[in-house]
Amino acid sequence: MLDHLPPPRLTKGKATEPSTSAAVAGEIDPTVPWYLQVCTLTRLRRHREALAVLRHADPSPPPHALALPSALICCAALSLPSGVAQVHALAAKRGLVPASDSYILSALLSSYCRLGLLPCARQLLDEMPAASTPPATVLTAFNSLISGCALHALTPACFALFRRMRVHVAGLRFNAVTLLALLPVAPATVVPQLQALAAQSGLASRTTVANCLISVYGRSSPTLARQVFDEMPLATRDLVSWTAVLSAHAQGGLAVDALELYRRMRGHGVEPDALTLVGVLSSCSHLAARSVGLDVDRYVRQRLPGFRANVQLCSALINFHARCGSLPQAQQLFDEMPRKSIVSWTALITGYGMHGHGDIAINFFQRMVSQGIRPDNVSMVALLSACSHAGKYEEGCKYFFAMESTYKLRPTLEHYACMVDLLGRAGRLEEARELISSMPMPADGSVWGALLGACKIHKNVEAGEEAFKHVIMLEPSNVGYYVLMANMYTDSGQQDGVARVRAMMRERGLKKEPGRTQVVRSSVNGRRPLASTGEENL
DNA sequence: TTAGGGTTAG
């Protein structure tokens, strides 16, 4: 079977293979039937080898049905649509599709979706004889297609299928897997509706469903995520629940709460894994919580021996060391990584940039580009910020203009804020003001705030007053800006100005918190929004 | 077989 497939290029079991050869040697027993070998190799993600076994399998008796889902998974993973079509034909010949075998049906649907062949998947579902197919199979088929559409962020299609399945699937209607597929792509207004549906159907008490809700709410509201977490019975919380709620707080800028959750998690005897530690390290970096971060570093080195191959964990460690530990440590980790992502590069560039090593930051940026990594918006912010901190006015301008012309990136508010900062620090307040006027979108608090900061450095009270007027309109409760303006008045001996700012703060019920004199980032900025494509209603 | 937790910016 599968004789039309291109021959596999057998890899030598290097870093791309998630399992070690010793583990495989233990699991692959040449005496077991070939179709079980296929299943095992597939589970180990050794797709090419699984297909090789399949290709050389004895064609009589005909291929065991158990091997077909594995074959499909391998073909999808290796982007072999012809292989999927062959298995489809084979399964059809043996009467396993469109209806009778739930495993093969959902594997086919998901393989077509993974390969982007959504019409094929759609057709398969439409061919399913609704009357004679067991309801559980219909449910699974709908779930597979909904998950496939979710994979391609086709929110309206997901919900259209969901409406259709609730009519079709007698009795069962939907299950936890349906909710898990829909929640991540649901528009913000629909998430609570799905949550209500989960509660009505008794699925809300499932750990997986609660975990998914925590993660989805966590993108926009750590508070809602926390509510779901708090309502979970203690015994049903698992490592994923803790990680999801912790990450929600870390992403929402609530680093103190994230670390408190970590402390509680450990108190309950739950051992973190790499994903948990990514969130913990992110919070340590924000808070400059050096001792906790160093504990995590030790834990990783002792308990997670393969951590260097984990790009996300390594990037988080680099970020931590670069921001509040040491640049040499960050650099060493970076050098040791077998594969680096744009995030690893950006973490390093940020680290050098924020410690005033603009030249090194620029050098790494250029090395990154020369290795074929196309800069994204975040790496450009890191670079421009590095230029700004090191007073590299000309380089900053050069890269800002290169964004659109060379890298095809449209500058966002963050980039404008960096440029206003760069121009402002260089004393070019007039140019900074002109840049703001030329922006294609209205300036936000961070842009005016950058100008205000520059005015403070260069003691330009008049320009500062204008920036202040704008910034407190945009972020009226951000104490940092009032403090900045008051300090400017103090520096220039204008006590009446200081009194005015203090009066404004009193009127607005704002207090300067001790030890918090820096400009506080607006909590809504930089947050991933909930998916908002289309107006979905259930 | 469909399915839950993640990193980088000022």
Side-chain angles (χ1 to χ4, degrees), chain A residues 68-70 72-73 101-111 113 136-137 139-148 150-151 175-184 206-216 218 225 238-248 250-251 272-282 285 310-320 322-323 341-351 353-354 376-386 388-389 412-418 420-421 445-447 449-450 453 518-522 525-526:
Chain A
L68 296 182
S70 293
L72 288 165
I73 294 168
D101 191 297
S102 164
Y103 278 25
I104 294 172
L105 186 59
S106 57
L108 261 177
L109 288 165
S110 119
S111 303
C113 291
T137 303
L139 177 71
T140 307
F142 269 100
N143 281 346
S144 303
L145 196 54
I146 291 175
S147 302
L151 204 67
N175 65 4
V177 176
T178 321
L179 295 175
L180 295 176
L182 288 172
L183 277 167
R206 299 279 183 93
T207 300
T208 49
V209 173
N211 290 350
C212 189
L213 277 166
I214 294 171
S215 137
V216 168
D238 63 6
L239 175 62
V240 177
S241 328
W242 284 101
T243 303
V245 73
L246 191 155
S247 303
Q251 281 168 27
D273 69 359
L275 268 74
T276 323
L277 297 176
V278 166
V280 175
L281 283 167
S282 157
S285 309
N310 185 327
V311 179
Q312 284 91 348
L313 179 57
C314 265
S315 302
L317 274 171
I318 291 171
N319 185 47
F320 164 73
R323 288 172 70 123
S341 74
I342 191 161
V343 179
S344 343
W345 286 95
T346 305
L348 199 65
I349 293 167
T350 305
M354 66 190 295
D376 64 1
N377 279 331
V378 182
S379 57
M380 288 310 300
V381 172
L383 177 68
L384 295 177
S385 159
S388 168
H389 285 297
T412 67
L413 283 166
E414 283 79 13
H415 302 103
Y416 281 105
C418 282
V420 167
D421 192 63
S446 67
V447 174
Q518 82 277 25
V519 173
V520 181
R521 279 181 59 190
S522 156
N525 283 345

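Letters A, B, ... mirror the listed sequences (proteins, then strands); counts begin at 1.
Under the side-chain hydrogen bond (donor to acceptor under 3.5 Å, both in side chains) criterion, A:N377 pairs with no residue at all, not counting sequence neighbours. A:T178 is linked by a side-chain hydrogen bond (donor to acceptor under 3.5 Å, both in side chains) to A:N143, A:N175, counting only residues two or more places apart in sequence or in another chain.
There is no side-chain donor-acceptor pair under 3.5 Å between A:N211 and A:T208. For the 3.5 Å distance criterion, the side chains of A:S344 and A:S315 qualify, holding a donor opposite an acceptor.
Atom P of nucleotide B:dT2 and atom CG of A:L109 are separated by 11 Å, given to the nearest angstrom. One can place CG of A:L213 at 17 Å from P of B:dA3, the figure rounded to the nearest angstrom. The nearest whole Å value for the distance from the CG atom in A:L68 to the P atom in B:dT2 is 15 Å. A:D376 places its CG atom 15 Å from the P atom of B:dT7, with the value rounded to the nearest Å. When rounded to the nearest whole Å, the span between CD1 of A:I73 and C1' of B:dT2 equals 11 Å. One interatomic measurement links the two molecules: CG of A:L277 to C1' of B:dG5, which rounds to 12 Å at whole-angstrom precision. A straight line from OH of A:Y416 to C1' of B:dA9 spans 17 Å, rounded to a whole angstrom. The distance from atom CG of A:L180 to atom C1' of B:dT1 is 15 Å, rounded to the nearest whole Å.
Within 4.0 Å of A:D273, counting heavy atoms only, lies at least one base atom of the nucleic acid. Here A:T276 lies in heavy-atom contact (under 4.0 Å) with a base. Residue A:I214 is out of contact with every strand shown, counting any heavy-atom pair closer than 4.0 Å. Within 4.0 Å of A:S344, counting heavy atoms only, lies no atom of the nucleic acid at all. If you check every strand for non-hydrogen atoms under 4.0 Å, A:D421 touches nothing.
The side chain of A:N310 approaches B:dG6 more closely than any other nucleotide in the set B:dT2, B:dG6, B:dG5. Checking B:dG5, B:dG10, B:dT7 against every side-chain atom of A:V381, the shortest atom distance belongs to B:dG10. Closest contact between the side chain of A:L239 and the listed nucleotides B:dA9, B:dG5, B:dG4 involves B:dG5. Which of B:dG4, B:dT8, B:dG6 sits closest to the side chain of A:Q312 comes down to B:dG6. Side-chain atoms of A:S247 lie closest to B:dG6 of the nucleotides B:dG10, B:dG5, B:dG6. Closest to the side chain of A:T140, out of B:dG5, B:dG10, B:dT1, is B:dT1. The side chain of A:S147 lies closest to B:dA3, out of B:dG5, B:dA3, B:dT8.
You'll find the side chain of A:N319 stays beyond 4.5 Å of the side chain of A:L348, heavy atoms only.
The side chain of A:S215 contributes an N or O atom lying less than 4.0 Å from OP1 or OP2 of B:dG5. Between A:S282 and the phosphate of B:dT8, there is a side-chain N or O to OP1/OP2 separation shorter than 4.0 Å. Of the side-chain N and O atoms in A:S385, one or more sit less than 4.0 angstrom from OP1 or OP2 of B:dG10. The shortest distance between the side-chain N/O atoms of A:N319 and the OP1/OP2 oxygens of B:dT8 is below 4.0 Å. In terms of phosphate contacts, A:Q251 brings no side-chain nitrogen or oxygen within less than 4.0 Å of OP1 or OP2 of B:dG5. Here A:R323 reaches the OP1 or OP2 of B:dA9: one of its side-chain N or O atoms lies under 4.0 Å away.
With hydrogens and angles ignored, the 3.5 Å screen pairs a side-chain donor or acceptor of A:T140 with a backbone N or O of A:A136.
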Can A:S388 and A:C418 be said to form a side chain to side chain contact (heavy atoms under 4.5 Å, CB included), step by step?
CA-CA 7 Å; A:S388 168; A:C418 282; 5.8 Å; no
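A donor-acceptor contact under 3.5 Å links the side chain of A:T243 to the base of B:dG5.
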